[in-house]
Amino acid sequence: MQNAIILHGSTDEEEYFNDKYPSQSNLGWIPWLQKQLLIKGILTQTPELPEAYDPNYGKWKKEFERYDISKETILVGHSCGGGFLIRWLSENKVTVKKLVLVAPWLDPYRARPTDFFDFEIDKNMQERIGEIHLFVSEDDENDIQKSVEIIESNISGIIKKTFTDKGHFLLDEMGTEKFPELLEVVL
């Protein structure tokens, strides 16, 4: 059975504990994409990953692995969620239908004192993934641009979609919760 899992990124502690902001799994285009996929008959989960202000790979892995992942699964990761998926797929030789990375972040300058991104990218990952798509905007931060460079130099066969004005693909930068270009790629 085809299914999808959408992973959010990290945030700062102030936003995480402030009720003015939605939870990370309900931010921006994530709930919109989930609803569009559900309408198409694709069971779609948007797990709330633990302590997004201080990502811990072991905790995120435990939550993520609660979901069924098979050769029919579509994985979508935003920012740190995309970086997590690259690590998880590098360390777990699992076959999936599609991997879609939106502004993936690998903390290339090691801004956070954590081992979240201490891993080797599996250069053969694309052999187990039907399609790999990457969305990036030229006006995103330098660490995202560097992360994209690292990903592209290690994983072949990536289909890249570059924007000029979407920033980090957050609501305030995009101006809308709708992300039709992403929906088209996921479907």
Side-chain angles (χ1 to χ4, degrees), residues 1-11 22-49 64 67-90 94-106 121-122 125-141 144-187:
M1 180 174 122
Q2 189 173 16
N3 69 319
I5 303 170
I6 306 169
L7 297 184
H8 61 75
S10 62
T11 187
S23 63
Q24 293 298 298
S25 63
N26 287 295
L27 200 60
W29 51 264
I30 293 174
W32 176 84
L33 180 61
Q34 180 184 32
K35 181 65 175 179
Q36 300 310 305
L37 296 177
L38 290 170
I39 290 168
K40 297 289 187 187
I42 301 170
L43 176 62
T44 304
Q45 303 294 333
T46 58
E48 189 67 33
L49 299 168
F64 177 70
Y67 298 90
D68 290 331
I69 301 160
S70 73
K71 64 182 180 176
E72 292 298 316
T73 301
I74 301 164
L75 298 174
V76 180
H78 177 244
S79 193
C80 189
F84 168 86
L85 290 173
I86 292 170
R87 178 174 177 177
W88 190 86
L89 288 164
S90 291
V94 174
T95 300
V96 296
K97 182 174 184 171
K98 198 175 290 191
L99 172 64
V100 184
L101 305 167
V102 180
W105 182 63
L106 295 173
I121 295 176
D122 178 1
M125 179 187 309
Q126 77 280 1
E127 294 172 6
R128 300 183 318 275
I129 301 171
E131 296 175 16
I132 303 174
H133 296 266
L134 192 151
F135 287 74
V136 66
S137 186
E138 292 173 350
D139 60 341
D140 204 341
E141 300 290 328
I144 298 301
Q145 305 301 334
K146 181 67 175 171
S147 294
V148 167
E149 186 180 302
I150 292 167
I151 292 164
E152 289 184 305
S153 68
N154 282 282
I155 304 171
S156 62
I158 292 175
I159 303 164
K160 184 178 175 184
K161 175 90 170 141
T162 303
F163 297 85
T164 58
D165 60 351
K166 303 288 187 211
H168 197 54
F169 298 90
L170 298 171
L171 180 60
D172 60 336
E173 296 158 330
M174 293 179 66
T176 179
E177 294 174 346
K178 296 179 180 178
F179 197 168
E181 300 92 343
L182 178 58
L183 177 62
E184 182 179 336
V185 162
V186 170
L187 293 175

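- A distance of 9.5 Å separates CD in Gln24 from CG in Leu49, rounded to the nearest 0.5 Å.
- Here Leu33 contributes atom CG and Ile6 contributes atom CD1; the two are 4.0 Å apart, rounded to the nearest 0.5 Å.
- Looking at Leu183 and Trp29, their side chains never come closer than 4.5 Å, going by heavy atoms from C-beta outward.
- Between Lys98 and Leu187, the shortest heavy-atom contact is NZ-C, 3.9 Å.
- Taking the six-membered ring where tryptophan is involved, the planes of Phe179 and Phe169 are essentially parallel, since the angle between them stays under 30° and well short of 60°.
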* Asked: Run the side chain to side chain donor-acceptor pair (under 3.5 Å) check on Asp140 and Ser137 step by step: do they pass?
  -> CA-CA 6 Å; Asp140 204 341; Ser137 186; over 6 Å; no

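- The closest side-chain heavy-atom distance from Phe64 to Ile69 is below 4.5 Å.
- No donor-acceptor pair closer than 3.5 Å links the side chain of Gln126 to the backbone N or O of Ile155.
- With contacts defined as side-chain heavy-atom distances shorter than 4.5 Å, the pair Thr46/Pro31 does not qualify.
- Smallest separation of non-hydrogen atoms from Glu173 and His168: OE1-N, 2.7 Å.
- Annotation: the span from Leu7 atom CG to Leu85 atom CG amounts to 4.5 Å, rounded to 0.5 Å.
- When side chains are defined from C-beta on, Ile42 does not count as touching Val186, because their heavy atoms never get closer than 4.5 Å.
- Of all the heavy atoms in Met1 and Ser70, the pair that sits closest is O-OG, 4.5 Å.
- The shortest side-chain heavy-atom distance between Asn3 and Tyr67 does not fall under the 4.5 Å cut-off.
- Minimum heavy-atom separation, Ile129 to Leu99: CG2-N, 3.8 Å.
- Between Glu181 and Lys161 there is no salt bridge, since none of the side-chain N atoms of the basic residue sits less than 4.0 Å from a carboxylate O of the acidic one.
- Residue Arg128 forms a side-chain contact (heavy atoms from CB on, under 4.5 Å) with just one option from Val96, Val94, Asp122, and that option is Asp122.
- For the atom pair CG of Leu38 and OG1 of Thr44, the computed distance is 4.5 Å after rounding to the nearest 0.5 Å.
- Taking CD from Gln45 and CG from Leu37, the interatomic distance works out to 11.5 Å, rounded to the nearest 0.5 Å.
- The distance from atom NE2 of His8 to atom NE2 of His78, rounded to the nearest 0.5 Å, is 11.5 Å.
- Between Ser10 and Cys80, the closest heavy-atom pair is N-CB, 3.7 Å.
- Closest of all the heavy-atom pairs between Met125 and Ile86 is CE-O, 3.5 Å.
- Within a 6.0 Å radius of CG in Asn26, other residues, nucleotides and ligands contribute more than 12 heavy atoms.
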* To do: Please assess Ile121 against Leu106 for the test side chain to side chain contact (heavy atoms under 4.5 Å, CB included), listing each intermediate value before the final yes or no.
  => CA-CA 11 Å; Ile121 295 176; Leu106 295 173; 4.2 Å; yes

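- Side-chain contact between Phe135 and Val76 is absent, with no heavy atoms from C-beta onward closer than 4.5 Å.
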